[in-house]
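Chain identifiers are assigned alphabetically (A, B, ...) following the order of the sequence lines, protein sequences preceding nucleic acid strands; residue numbering begins at 1 within each chain. Computed from a predicted structure; not experimentally measured.
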Protein chains: 2
Amino acid sequence: MEDQFIKTAALIGDPTRALIMWTLLDGKAFTATELSIAVNTSPQNISMHLAKLLDAGLLVVEKQGRHKYYRFSNKDVAYAIEALASLIPKVNPQKSKPEMHSPIKHCRTCYDHLAGKIGVALAESLLEQKIILDLDHKFEVTPEGIKWFSDFGINLEDLKKQRRLFLKPCLDWSERKNHIAGSVGASLLDKMITEDWLRRTKDSRAIQITGKGEKELLKYFKIVI
Amino acid sequence: MEDQFIKTAALIGDPTRALIMWTLLDGKAFTATELSIAVNTSPQNISMHLAKLLDAGLLVVEKQGRHKYYRFSNKDVAYAIEALASLIPKVNPQKSKPEMHSPIKHCRTCYDHLAGKIGVALAESLLEQKIILDLDHKFEVTPEGIKWFSDFGINLEDLKKQRRLFLKPCLDWSERKNHIAGSVGASLLDKMITEDWLRRTKDSRAIQITGKGEKELLKYFKIVI
DNA sequence: ACAACACTTCAGCATGGACTTAACTATCAT
DNA sequence: ATGATAGTTAAGTCCATGCTGAAGTGTTGT
C-alpha cells in the first residue's frame with residue numbers, strides 16, 4: 001500500500017511531470033508536442049514522461065490521425081492536482097483573487113481557438129443549426145454552413161489553403177465535450193475579437209465577454225452567459 | 001504560480017517525505033524519532049526532511065520537553081494526501097476493502113497506548129470523572145484518581161518507578177483531541193486487553209472491541225460504540 | 001555533575017533518473 | 001514517391017539531491 005503511494009507521489013513529484021499535470025488541469029486534452037512546448041522540453045522527454053503517467057493510469061490517450069491527445073483519465077486526478085495546488089504557501093493572502101480557476105475554466109482560449117463553456121456551447125449550437133456535422137469524431141461543414149460562414153464574414157476557401165488543419169473537434173476537459181479547433185476555430189475566435197464580442201486578457205488564456213458579445217452570442221448561437 | 005506548484009509536488013514526491021506524510025495521515029502527531037523508525041531511516045535524515053516540510057508550511061511542530069511533535073498544519077494537507085492516495089492504481093478491484101481507513105481511524109493503538117475515537121473518548125471520560133486533570137497540556141492524576149486506578153487494577157506507584165514517561169497527553173490527528181500516552185496509557189490498554197475488552201489484530205495497529213468490552217466501556221466510561 | 005537521550009547541522013559521497021543525441025515508425029500533404 | 005510532421009525507442013551522460021558519518025546543542029533524569 002504505502003509503496004504504491006510512494007510511486008504515485010514520485011510520479012507527480014518530478015518537475016516536468018508536475019508541469020504536465022498542471023497544464024492538463026487547465027482544460028483541454030493536449031497533444032504530446034503541445035505539451036512539450038507548454039512545459040518547455042524536448043518531444044522525446046515528454047514522450048517518456050507521458051508513457052509513465054499513462055502506465056500509472058493517471059492519463060488516457062485518444063489517437064486522432066498522427067496526433068495523440070492526452071488528458072486526465074478521470075476527475076479524481078484533477079481533484080488530486082487541485083488539492084496539491086491548494087497547499088501552495090500563500091503569499092500576500094489579502095491580494096489573492098477570490099476564485100482562481102473560474103475565469104479560465106469558464107471562458108478561455110485553447111491556444112488560438114475558443115474553449116471552455118463558451119467554446120463548447122458554440123460548437124453545440126453550430127451542430128444543432130446544421131452548420132457543421134459530427135461524422136464519427138470528424139467535423140464537416142454542410143452546404144448551408146458554407147453560406148453561413150460567408151455571411152458571418154469568414155471565407156472557408158481561404159482557410160482551406162492554409163497549411164494547418166482546417167476543422168477538427170477538440171476535447172475540453174472541464175466540459176467533457178468537443179469544441180472547435182483548426183483554422184475554422186481560430187478564425188471564429190479572431191472574428192469575434194475583431195467585432196469586439198470578446199477581449200483577450202493580458203496574462204492568461206482567459207477571455208472576457210463584452211456587453212455587445214453577450215447580445216450577439218445570444219442572437220447567433222442562443223448562448224446565455 | 002506553476003513553479004510554486006512544482007515545488008510543492010516535489011516536496012511530497014520524495015519517497016521518504018511521502019512516507020512521512022503517509023504516516024502522519026494515519027493519526028496522531030509523531031516525534032522525529034518515531035518517524036525515523038516508521039519510515040526506516042536515520043534521525044539526521046528525518047530531521048532534514050521535516051525541516052523542509054516545516055518550511056513549506058505542510059507541517060507544524062509542538063515542542064514538549066526534549067521531544068518535538070510533528071503533525072499536519074491543517075486539514076487541507078490531509079485532504080491532499082488522501083486525494084493522492086486515491087490515485088493508487090486499483091489491483092483486484094473486487095478484493096478491495098470497502099472502507100480502507102475507517103478501522104484504523106476508529107480504534108487503533110498509538111505504539112502502545114490507545115488512540116483513535118476510543119482513546120479520545122476514554123481520555124474525555126477520565127477528565128470528566130475528575131480521575132485526571134488537564135493542567136495546561138499536562139495531565140495529572142487526582143487523589144480520587146489514584147483510588148480509581150487502584151480499583152481498576154493498576155498500581156500507579158509501580159508505574160512511576162519505570163524509566164518512561166508516566167502520563168502525558170498525546171494529540172490525535174483524526175480526532176483533533178488529546179488521548180492518554182505514557183505508562184498510564186500503556187497499562188490502561190494492557191489491562192483492557194488482559195481483561196479481553198479489546199484484542200489486537202495481527203498485522204495492523206487497529207484494535208477490535210469484544211462484546212464484553214462494549215459493555216464494560218459503556219459502564220466505566222459511558223462510551224457508546 | 002554526569003550520562004543518556006532527542007534532535008540538529010555540516011561535511012562529502014553516491015546513485016537514480018531525467019535529459020540528450022540519434023535513429024526509427026507512422027501519418028499526412030503534394 | 002518524397003518530404004514534413006507527430007511521436008516513440010534506445011543508449012549514454014551527468015547532475016541534483018538524498019543519505020551517511022561525525023560533531024554539536026539542548027533537555028531529562030539520577
| In residues 9-16 of chain B, what residues come within less than 4.0 Å of DNA chain C, judged by heavy atoms? | none
Nearest to the side chain of [X], which nucleotide is it out of [options]?
X: B:Met48; options: D:dG18, C:dC19, D:dT20; result: D:dG18
X: B:Arg17; options: C:dT8, D:dG18, C:dC28; result: D:dG18
X: A:Ala32; options: D:dT8, C:dT27, C:dC7; result: D:dT8
X: A:Thr41; options: D:dT8, C:dT20, D:dA6; result: C:dT20
X: A:His49; options: C:dA18, C:dC7, D:dG7; result: C:dA18
X: B:Pro43; options: C:dT8, D:dT8, C:dA29; result: C:dT8
X: A:Ser42; options: C:dC5, C:dT20, C:dC7; result: C:dT20

| request: Would you state whether a donor and an acceptor, one from the side chain of B:Gln44 and one from the base of D:dG21, lie under 3.5 Å apart? | output: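 Side chain to base: pair found, below 3.5 Å.
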| message | I'd like to know whether CG of B:Asp151 has more than 12 heavy-atom contacts from other residues, nucleotides or ligands below 6.0 angstrom. | response | yes
| query | Does CD in A:Glu128 sit with more than 12 non-hydrogen atoms of other residues, nucleotides or ligands closer than 6.0 Å? | reply |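 No, CD of A:Glu128 has 12 or fewer neighbouring heavy atoms, counting only those of other groups under 6.0 Å.
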| request: Report the distance from atom CZ of B:Phe30 to atom CD1 of B:Ile20, rounding to the nearest 0.5 Å. | output: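 So the CZ of B:Phe30 and the CD1 of B:Ile20 are separated by 11.5 Å.
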With a 4.0 Å cutoff (strictly under), does any side-chain N or O of [X] reach OP1 or OP2 of [N]?
X: A:His67; N: C:dA26; answer: no
X: B:Lys63; N: C:dA6; answer: no
X: A:Asn45; N: C:dC19; answer: yes
X: B:Lys68; N: C:dT8; answer: yes

| query | Given A:Met48, which of A:Asn45, A:Ile46, A:Leu50 fulfils the side-chain contact (heavy atoms from CB on, under 4.5 Å) condition? | reply |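 Going through the options one by one, the only one that passes is A:Asn45.
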| B:Leu59 and side-chain contact (heavy atoms from CB on, under 4.5 Å): which partner among B:Met21, B:Arg71, B:Lys52? |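 Only match with B:Leu59 under side-chain contact (heavy atoms from CB on, under 4.5 Å): B:Met21.
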| said: Using whole Å, what does the distance between atom C1' of nucleotide D:dT20 and atom CD1 of B:Ile46 come to? | reply: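 Distance, rounded to whole Å: 14 Å.
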